[in-house]
Amino acid sequence: MAVATQRSASVLAQKLQSEGIRNQQVITAIANTPRHLFVETVLAHKAYENTALPIGHGQTISQPYIVARMTELLLAGGKHQHVLEIGTGSGYQTAVLAQLFDRVCSVERIKSLQFQAKRRLQQLDLHNVSMKHGDGWQGWPSKAPFDCILVTAAPSAVPQALLQQLSDGGRLVIPVGTDEQMLRVISRHGDEFVAENVEAVRFVPLVPGELA
């Protein structure tokens, strides 16, 4: 990254640390990710603010705090090999995951967003990501099981397909709800799933199906 960009990303990472993000690997990944590449040029001046931004098609790039918080919750499970992301969007969250997990699988229902995200990740030499254009409610059965699953849009209820694609000991981090949403961590222990509420959040809805 250019020096000015590196400085902006580092300042953002420090801000997130001051707001309660404790995992140093996550802080480093945020500091090393040029967020301005994941937003429209006209919004680049806002890229390093701790705010969500529109990326078209009614979707947003998540607030950096939420990206960091959800990633931190994933890593707390202790298994860092194989992660599934539901909702590639701009690819910013994907880029952060790619620096922390051995293999990242990411599903996006909007084809044009997936294409743009893939190009950005290639530009950053992040080659441990597999992408699929498809319905996030269904996950990615042929790549399962996953140590971790992260969902970047809110379903009205937890999709059963995602629970079944978790490995034993794995964890799912997901916002759930319609008018009121709660970020949840769901851990799998054999056939038992233990859910923990983390904090109130606001995400776009997880819409079933796919778009060309």
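Follow the hydrophobic side-chain contacts under 4.5 Å out from V185 and you reach Y65 in the same cluster. L124 and Y92 fall within the same hydrophobic cluster, defined by Ile, Leu, Val, Met, Phe, Trp and Tyr side-chain heavy atoms under 4.5 Å apart, directly or through other members. No path of Ile, Leu, Val, Met, Phe, Trp and Tyr side chains, each step under 4.5 Å between heavy atoms, connects M182 with L74, placing them in separate hydrophobic clusters. Linking ILVMFWY residues whenever their side-chain heavy atoms come closer than 4.5 Å, directly or via other members, places F38 and L126 in the same cluster.
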Pair V129-M131, side-chain contact (heavy atoms from CB on, under 4.5 Å): steps then yes or no: CA-CA 6 Å; V129 179; M131 289 190 175; 4.1 Å; yes
Test log, rule side-chain contact (heavy atoms from CB on, under 4.5 Å), inputs V11 and K15: CA-CA 6 Å; V11 169; K15 180 176 176 60; 5.6 Å; no
When you look at D147 and F101, which way does the side-chain contact (heavy atoms from CB on, under 4.5 Å) test go after all the steps? CA-CA 10 Å; D147 298 323; F101 287 82; 5.7 Å; no
One pair to check against side-chain contact (heavy atoms from CB on, under 4.5 Å): L16 and V26. What are the steps and the verdict? CA-CA 10 Å; L16 298 184; V26 174; over 6 Å; no
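Taking all atoms of both residues into account, the shortest heavy-atom contact from A31 to A9 is O-CB, 3.3 Å. Closest non-hydrogen pair, T178 versus S156, comes out as CG2-CB, 3.9 Å. Summarising the geometry of Q138 relative to A161, their closest heavy-atom pair is O-CB, 3.9 Å, with the distance given to 0.1 Å. The nearest pair of heavy atoms linking S62 to R35 is O-NH2, 3.0 Å. Nearest heavy atom pair, residue G87 against residue T152, reads O-OG1, 2.7 Å. Residues G139 and K132 approach most closely at O-NZ, 4.1 Å, considering heavy atoms.
Looking only at distances, no side-chain donor or acceptor of R120 sits under 3.5 Å from a matching main-chain atom of Q122. No side-chain donor-acceptor contact under 3.5 Å links R184 to the backbone of P175. Of the possible donor and acceptor atoms, one in the side chain of E108 sits under 3.5 Å from a partner among the backbone N and O of G89. Between the N23 side chain and the E72 main chain, no donor and acceptor come within less than 3.5 Å of each other. Using a distance-only test at 3.5 Å, with no hydrogens or angles considered, a donor-acceptor pair links the side chain of H80 to the main chain of L75.
Residues P141 and Q165 have side chains in contact (heavy-atom distance under 4.5 Å, counting atoms from C-beta outward). Within the 4.5 Å cutoff, the side chain of Y48 has heavy atoms near those of the P34 side chain. In this structure, the side chains of P145 and H82 stay at 4.5 Å or more apart for every pair of heavy atoms. In this structure the side chain of N32 reaches within 4.5 angstrom of the side chain of Q6, judged on heavy atoms. V198 places a side-chain heavy atom less than 4.5 Å from the side chain of R69. For the pair V39 and K46, the minimum side-chain heavy-atom distance is 4.5 Å or more. Using a 4.5 Å heavy-atom threshold, the side chains of S130 and K143 count as touching. Looking at heavy atoms from C-beta onward, P54 lies in side-chain contact with L43 at the 4.5 angstrom threshold.
Residue P64 forms a side chain to side chain contact (heavy atoms under 4.5 Å, CB included) with just one option from T51, V96, N50, and that option is N50. Considering T28, N128, T33 in turn, T33 is the only one that fulfils the side-chain hydrogen bond (donor to acceptor under 3.5 Å, both in side chains) rule with Q99.
Within 6.0 Å of atom CD in E180, 12 or fewer heavy atoms from other residues, nucleotides or ligands are found, so the atom counts as exposed in its surroundings. Under a cut-off of 6.0 angstrom, the local environment of CD in E199 is crowded, with over 12 non-hydrogen atoms contributed by other residues, nucleotides or ligands.
Here the CD atom belonging to Q181 is positioned 4.5 Å from the CZ atom belonging to R202, to the nearest 0.5 angstrom. One distance of note links CD of E196 with CG of L183; it measures 9.5 Å at 0.5 Å rounding. Atom CG of L97 is separated from atom CG of L121 by 10.0 Å, given to the nearest 0.5 angstrom. With rounding to the nearest 0.5 Å, the separation of CG in L113 from CD1 in I55 is 5.0 Å. Atom CD of E85 and atom OG1 of T94 lie 3.5 Å apart (nearest 0.5 Å).
For the residue pair S90 and Q59, no side-chain donor N or O sits within less than 3.5 Å of a side-chain acceptor on the partner. Between T88 and Q114, the side chains place no donor N or O within less than 3.5 Å of an acceptor N or O (distance only, hydrogens not considered).
Residue L162 shares its hydrophobic cluster (ILVMFWY side chains chained together at separations under 4.5 Å) with L84, I86, V107, W137, W140, F146, I149, V151, V158, L163, L166, L172, I174, V176, I186, F193, L206.
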